[in-house]
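Right, one structure below, let's go through it.
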Amino acid sequence: MLLLLAVGLLIGSILVLCVKKNKETLLLMGLCLSLTVYFVGLMIFIAKKGGLSQEVMNFLFFNWKIRTWVQYRFVTLGQLGYTVALGRYLFPLFLVQLAFQYSMLSALRKAPLLSRLSLVLPAVSLVIYYPNVYRALVARFPVAQDILVQFSYSWVLCYVVVSMVLLVVEYCSTTMRFSRRKFLPIVISLTVLSVLYVLYCGQDPGQIYRFYSYDYTWIKGVGYLQFALGVGGYVILVVINIVCGIFGLGSLLRYTQTSFVSDRNEVVLERKFDVARTGASVFVHSIKNQLLANRVLYKRIRGELQKEEPNLDKVRGYAESLCDNNELLITRSEELYRTVKAKSVRLVPVTLGRLEEITLDRFHKKYPDGRVRSLVDRQIQVLADENYLSEALYNLLINAWEATIGYEKDKPVELVSHQERLYTVLEVKDHGTGIEPEALKHIFEPFYSSKNTNFNWGMGLYHVRTIVRSHLGSLRVENRPEGGASFFVLLPRYGTARRRKGGEKE
């Protein structure tokens, strides 16, 4: 049963590593591999130790043939004990390293030495528990046997507890719904794996090395290795193992599926973007030529109007508005063309207050009566090209306002900033009807639009996503339970502007 759990968890971790190759998945792979090694060592020890009823052995190994095959494999006590030691002392190391990796506590981020110090106890334990070293040490200092048992058991439990506390604190500190939903499978998976480990981590390798020693008096191994349980007791124990294994493997597979779908969508969208870039460049160029022609036409109309003297103030006002809109559209077209054509943007420290100012100025030029509620921490800085990033936010605000005025005229759209783990997040909320599930699948595709295609060509969100990606960020969209949709611009966290005593920015 333990072997099935171990193999399942190992397969899950391999799938995660294949889908998403980064430091977290490598540590998760090491975590599951060390737990597998530990379980393999325990099962071999159970098979060779014996002393249990035939019914119980059949229950643990499914049938006597498997148990007999495992029992008669040639493995020395030294090899078996060190296999158990590897799994026992590497698991808490990988677990605490994962917890450090996910934790955003400033004390840990500012003290990377803590992560390196966590290597000391596992490394020392693996050296001390090397068969020849352990036997020589215990032979010379018999009291070291009991000290090592108590000390090693204490520090592995301490590592597990510290890791769980860090993960829970990090989960509780995560305020945004989609971040919590993404982080939850990781927390569940690591918690369940830790529960499985704690069930068996009392098995000290020294117990295996000194299996035939007459002075073997300490008992801190796996429960069913120390006293005989009834079949009912084993059933309860195995049910606990199965439940923990299913939750752990299920969380791993869910995380893998989420990562796989996300990466697959990224590849599909990237291919569509590559095709769209050429078309978009030609498209924008033709639009620009048309707008230039409109400018010439406008000059002729204004010239004709200036020759006559009737009261045409209202007509002239419309003409001036047409001129302003024309100039604005030319500027937008040139910016879009440069964005599509350019391979990079110039990223410099910019405060959110500056981005807010530019964005709202552009928004009110198009919708003078549009209402925006801004809840932005103006002192926070991000690395950005203020022209391009404010253009992206402007597009999101325009979409949000158009969705809101068609459904809820009394409520303003919202521009909100968050500090979420490694990201500075800018959220644009509307109070419309939300986005249809089918539209959510295609919303970032170029030339896709759910609006009137005579006036909307479906390039807005494609343009926004291109800008956000050029800022090393990502763009997400979600329907809110209370109604409306939220777009999230996730940018790598850079820093904040603070005031020194002299009034200068630090």
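Counting from 1, the numbers follow the sequence of the chain as shown.
- Note that the CG atom of L108 and the CD atom of E170 stand 10.0 Å from one another [nearest 0.5 Å].
- Among all heavy-atom pairs drawn from S125 and W155, the shortest one is OG-NE1, 3.2 Å.
- Between the side chains of S115 and Q97, at least one donor N or O sits under 3.5 Å from an acceptor N or O.
- The environment of R135 atom CZ is dense: over 12 non-hydrogen atoms of other residues, nucleotides or ligands sit within 6.0 angstrom.
- Between the side chain of R480 and the backbone N or O of A485, at least one donor-acceptor pair lies under 3.5 Å.
- For N395 and E391, the side-chain atoms include at least one donor-acceptor pair closer than 3.5 Å.
- In this structure, CZ on F487 lies 5.0 Å from CG on L461, to the nearest 0.5 angstrom.
- Contact of the Y89 side chain with the P205 side chain is registered, since non-hydrogen atoms from C-beta on lie closer than 4.5 Å.
- Residues T83 and V75 fail the side-chain proximity criterion, which asks for heavy atoms closer than 4.5 Å.
- Using a 4.5 Å heavy-atom cutoff, the side chains of L426 and L396 are not in contact.
- Shown here for F91 and L193, the closest heavy-atom pair between the two residues is CZ-O, 3.6 Å.
- To the nearest 0.5 angstrom, L397 atom CG is 10.5 Å from D430 atom CG.
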side-chain contact (heavy atoms from CB on, under 4.5 Å) assessment of V350 paired with Q381
CA-CA 5 Å; V350 181; Q381 289 182 323; over 6 Å; no
Does the pair Y82 and Y134 meet the rule for a ring pair (Phe, Tyr, Trp, His ring centres under 6.0 Å), with working shown?
CA-CA 10 Å; Y82 203 64; Y134 181 84; over 10 Å; no
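- The closest side-chain heavy-atom distance from I380 to R493 is not below 4.5 Å.
- In this structure, E420 and M104 have side chains that are not in contact, with every pair of non-hydrogen atoms separated by 4.5 Å or more.
- S118 places a side-chain heavy atom less than 4.5 Å from the side chain of L93.
- With values rounded to the nearest 0.5 angstrom, R354 atom CZ is found 8.0 Å from T351 atom OG1.
- Here the side chains of M164 and S194 are in contact, with some heavy-atom distance below 4.5 Å.
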Can you list the steps and then say if D385 with L389 is a side-chain contact (heavy atoms from CB on, under 4.5 Å)?
CA-CA 6 Å; D385 186 308; L389 189 55; 5.9 Å; no
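- Between H418 and F488, the ring planes are tilted. Angles from 30° to 60° get that label.
- Of the possible donor and acceptor atoms, one in the side chain of Q79 sits under 3.5 Å from a partner among the backbone N and O of T76.
- Nearest heavy atoms, V149 versus Y129: N-OH, 4.1 Å.
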For T466 and S470, run side-chain contact (heavy atoms from CB on, under 4.5 Å): C-alpha distance rounded to whole Å, both residues' side-chain angles, the deciding distance at 0.1 Å, then the answer.
CA-CA 6 Å; T466 301; S470 69; 5.7 Å; no
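- When atom types are taken as modelled, the side chain of Y197 and the backbone of Y38 share no donor-acceptor pair closer than 3.5 angstrom.
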Test side-chain contact (heavy atoms from CB on, under 4.5 Å) on V84 and F45 and set out the steps.
CA-CA 9 Å; V84 171; F45 186 43; 5.7 Å; no
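- For the atom pair CG of L95 and CG of L167, the computed distance is 7.0 Å after rounding to the nearest 0.5 Å.
- At a cut-off of 3.5 Å, with distance as the only test, a side-chain donor of R88 or S152 sits close to an acceptor on the other residue.
- Distance alone, capped at 3.5 Å, is enough to place a donor-acceptor pair between the R180 side chain and the T174 backbone.
- Between V138 and Q145, the shortest heavy-atom distance links the atoms CG1-OE1, 4.0 Å.
- With a 6.0 Å radius and a threshold of 12 heavy atoms from other residues, nucleotides or ligands, Y423 has its OH atom at or below the threshold.
- For the side-chain contact (heavy atoms from CB on, under 4.5 Å) test with L80, the passing option among V40, I208, L42 is I208; the others fail.
- Residues P492 and L383 form no side-chain contact, since every pair of their non-hydrogen atoms from C-beta on lies 4.5 Å or further apart.
- The line from CZ of F151 to CD1 of I128 is 8.0 Å long, rounded to the nearest 0.5 Å.
- Contact between S390 and I358 at its shortest, heavy atoms only, is OG-CG2, 3.3 Å.
- Within 6.0 Å of the OH atom in Y171, the count of heavy atoms belonging to other residues, nucleotides or ligands exceeds 12.
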